[in-house]
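Step one of this worksheet: look at the structure below.
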2 protein chains.
Amino acid sequence: MATHGARGRSGGRPTLEEVAARAGVGRGTVSRVINGSPRVSDATRAAVEAAVAELGYVPNTAARALAANRTDAIALVVPEPETRFFAEPYFSDMLKGVGAALADTEMQLLLIFAGNERERARLAQYLAAHRVDGVLLVSVHADDPLPDLLAQLEIPAVISGPRSSAETLPSVDSDNYGGARQAVEHLLSRGRTRVAHITGRLDVYGAQRRVDGYREAMSDAGHGVDEGLIEAGDFTEEGGYRAMVALLERHSDIDAVFAASDVTAAGARRALLDAGRRIPQDVALVGYDDSAIARHMEPPLTSVRQPIEEMGRRMIDLLLTEVADRRPLASRGLERRQMVLATELVSRSSS
Amino acid sequence: MATHGARGRSGGRPTLEEVAARAGVGRGTVSRVINGSPRVSDATRAAVEAAVAELGYVPNTAARALAANRTDAIALVVPEPETRFFAEPYFSDMLKGVGAALADTEMQLLLIFAGNERERARLAQYLAAHRVDGVLLVSVHADDPLPDLLAQLEIPAVISGPRSSAETLPSVDSDNYGGARQAVEHLLSRGRTRVAHITGRLDVYGAQRRVDGYREAMSDAGHGVDEGLIEAGDFTEEGGYRAMVALLERHSDIDAVFAASDVTAAGARRALLDAGRRIPQDVALVGYDDSAIARHMEPPLTSVRQPIEEMGRRMIDLLLTEVADRRPLASRGLERRQMVLATELVSRSSS
DNA sequence: ATCACCGGTGGGAGCGCTCCCACACTACCT
DNA sequence: AGGTAGTGTGGGAGCGCTCCCACCGGTGAT
């Protein structure tokens, strides 16, 4: 495993040609074996595989990419907006799923940041150069031009979190609507009646769906939907704080809060404590994401967990199918290309 | 910016050849312009640049890689041990620095997971195929064979956190020794005298340095070093809990704890509360990393912040120099290739 | 016996670039 | 006048692969 046998001249890595010579076959045959073509006799295949092993042959990706016009690479594009988006477990968990799914393939993963204009211009170049076979899009805003660019360049892409109910790209999402319902129903089942909701950024489709879930859970339970119990947040702690202050001002009888994210819940918590409310005795609190913050909050925060790792895996599956089909847009069967994964309520002492 | 001018036949992307034809020059000249060679007259350069702009030419990376035998890509290898290592802000912050530094270059970033044996084998293949020009190594254990493999393959690499004081690879690290001193001196300056230390995994060099810092800060302050005040942890919450329990058992008069990580501090906190100690009234607590946990802990945790984003940036600088020099190992000047960055104490109410 | 066919194979062409040698053409020295 | 650099340029060779056409020999149908 350490030193290899004979090499080409000058210590370079062995080439297809050398493997062919060693195995006593032609270049084409070795190529067929390497690529798993069925049109090779068993004897020949064995000979070639032996030669490959002896020489420690590893295909040259650049040559392959050039000849075959594919790159065997996909890009994960991180818009990474203003904030340190991916300090969130959301990102790392997804990466874990992506990594796991990718481990089964020959694909490599490129991480591309598209936070500012400069990076976006660079990304556009990348894509124009078709340096990747497919693209994974995470946390894309409704008005982002990226998806259109990808469509135009005919590069397969999968989006996590559709931009709207009319999303045209294949997508993987968790059940925001259902997750919100779970949270609210949980609070109601604990005897709470005045349940408020602090939303996420409403230009994010998933945040809207959570509001929908909140609304319908409330009305289905026979509580009318009091619009005054809904206050817009923006997924930040500061936003959560402000929203909670506003809510308490309007309705001092709130006995439960469903926040659209754990960070938002952290802000709400501060506002509640500042107002002298106890959690959960006076006001129960539920967050969303089940991030590290939730576990370490005082009291530990009940939260809705999304199967993010699973989402990452599914995104890769979808994307690889897409890449294999090479029918980026026109492809039929979009019905099966939008998946929604179930969420799970993690109950802790804040509710 | 939308549609391009004339293209090659069949709608493919324009090639060097086509740009050359358009500009009325030879292939070589276009190549020179693209690569910023000075051996081109101003007039010719302008003509070529115009042609490039008109055609929307973007170099084909695969062809370039094949011809020039370089990839313009570097890999960030994530050992990702047992735990979700990179859910820590450590990882994301570093990534941010890496991304920022990379944005100024043509290099692309590959993310490679090497968590299990299968992934490591795949990584070895990658490296053997020289699919990257350089490697960024984060959180490598002392006995990891990866650095040796890289040295053998003569692939430039930079490591974050040297494996020992005799580290041979270029490295970027924060001042673990100094950071620990800061923490301990801070506690002592607050009038604490019985300062305990819960260590990190002692097979991690940085953890050892923190112990050194603790020891010397204590003895420099005239307190002897009571080995009974040091208890081994492993960077986990559970380890922190156990260590704290052990410490309290030995010394009930402990009035301060310096934990080797925030997560460890979280464990220690639980143990302290379980034992009926108040933070900070009875026992002051200081962590390390200044992660999200620190801010959201109750009470908020004083912690030592490492300039991780900066570290990411420096690692890239170092690596690119290394790659440019193409003198991976033998290169002189290792003195200047190991950098240590200062830490900063973030004081909160836990101390 | 003749022919079409097919599994299996070898190897030419060519992917788009960089490298480098050769060739102007211009100074500038003897 | 002949040499000798030096600057700018064109284009051949070749990087290591995949694609595909040609070919070989063995079957089964005619």
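Small disclaimer: the values here were computed from a predicted structure and weren't measured. Every heavy atom of this structure was used, including side-chain atoms; hydrogens, water molecules and symmetry mates were not. Within every chain, numbering begins at 1; the chains are lettered A, B, ... in the order of the sequence lines, protein sequences first and strands thereafter.
- B/I34 has its CD1 atom 15 Å from the P atom of C/dG16, to the nearest Å.
- Once rounded to the nearest 0.5 Å, the distance linking NE2 of A/H141 with CG of A/L146 reads 12.5 Å.
- The phosphate of D/dT18 has neither OP1 nor OP2 within less than 4.0 Å of any side-chain N or O from A/N69.
- Between A/R27 and C/dG11 there is no side-chain polar atom (N or O) within less than 4.0 angstrom of OP1 or OP2.
- The side-chain hydrogen bond (donor to acceptor under 3.5 Å, both in side chains) search around A/D317 returns none, not counting sequence neighbours.
- Side-chain N/O atoms of A/R13 and base N/O atoms of D/dG16 include no donor-acceptor pair closer than 3.5 Å.
- Applying the 4.0 Å criterion to OP1 and OP2 of D/dT18, one finds that A/N35 has a side-chain N or O inside that range.
- Each of B/A68 and B/G28 has a nearest nucleotide on DNA chain D; the 5'-most of these lies closest to B/G28.
- In this structure, B/R313 does not pair ionically with B/D104, as no charged nitrogen and carboxylate oxygen lie closer than 4.0 Å.
- Here the C1' atom of nucleotide C/dC15 and the CZ atom of A/R131 are 17 Å apart, to the nearest Å.
- Following rounding to the nearest Å, B/N60 (CG) and C/dG14 (C1') show an atom-to-atom distance of 13 Å.
- Of the residues B/Q338, B/R163, B/R314, B/R337, the one that meets the side chain to side chain donor-acceptor pair (under 3.5 Å) test with B/S171 is B/Q338.
- The CG atom of A/L66 sits 9 Å away from the P atom of C/dC15 (whole-angstrom rounding).
- A donor-acceptor distance shorter than 3.5 angstrom exists from the side chain of B/N116 to the backbone of B/R118, with no hydrogens or angles considered.
- Taking atom CZ on A/R64 and atom C1' on C/dG16, their separation rounds to 18 Å, with Å as the unit.
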For nucleotides 7-9 of chain C, tabulate all protein N/O to nucleotide N/O atom pairs closer than 3.5 Å, reporting atom names and distance.
from: C/dG7; atom 1: OP2; to: A/R39; atom 2: NH2; distance (Å): 3.3
from: C/dT9; atom 1: OP1; to: A/S41; atom 2: OG; distance (Å): 2.9
from: C/dT9; atom 1: OP1; to: A/T44; atom 2: OG1; distance (Å): 2.2
from: C/dT9; atom 1: OP2; to: A/S41; atom 2: N; distance (Å): 2.9

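- Under the 3.5 Å distance criterion, the side-chain polar atoms of A/D144 are left unmatched by any main-chain donor or acceptor of A/V140.
- Between A/L16 atom CG and C/dG12 atom C1' there is a gap of 15 Å when expressed in whole angstrom units.
- When the salt bridge (charged side-chain N to carboxylate O under 4.0 Å, His left out) test is applied to B/D72, the partners found at least two apart in sequence or on another chain are B/R70.
- Note: CZ (B/R70) to P (D/dC15) measures 17 Å, nearest angstrom.
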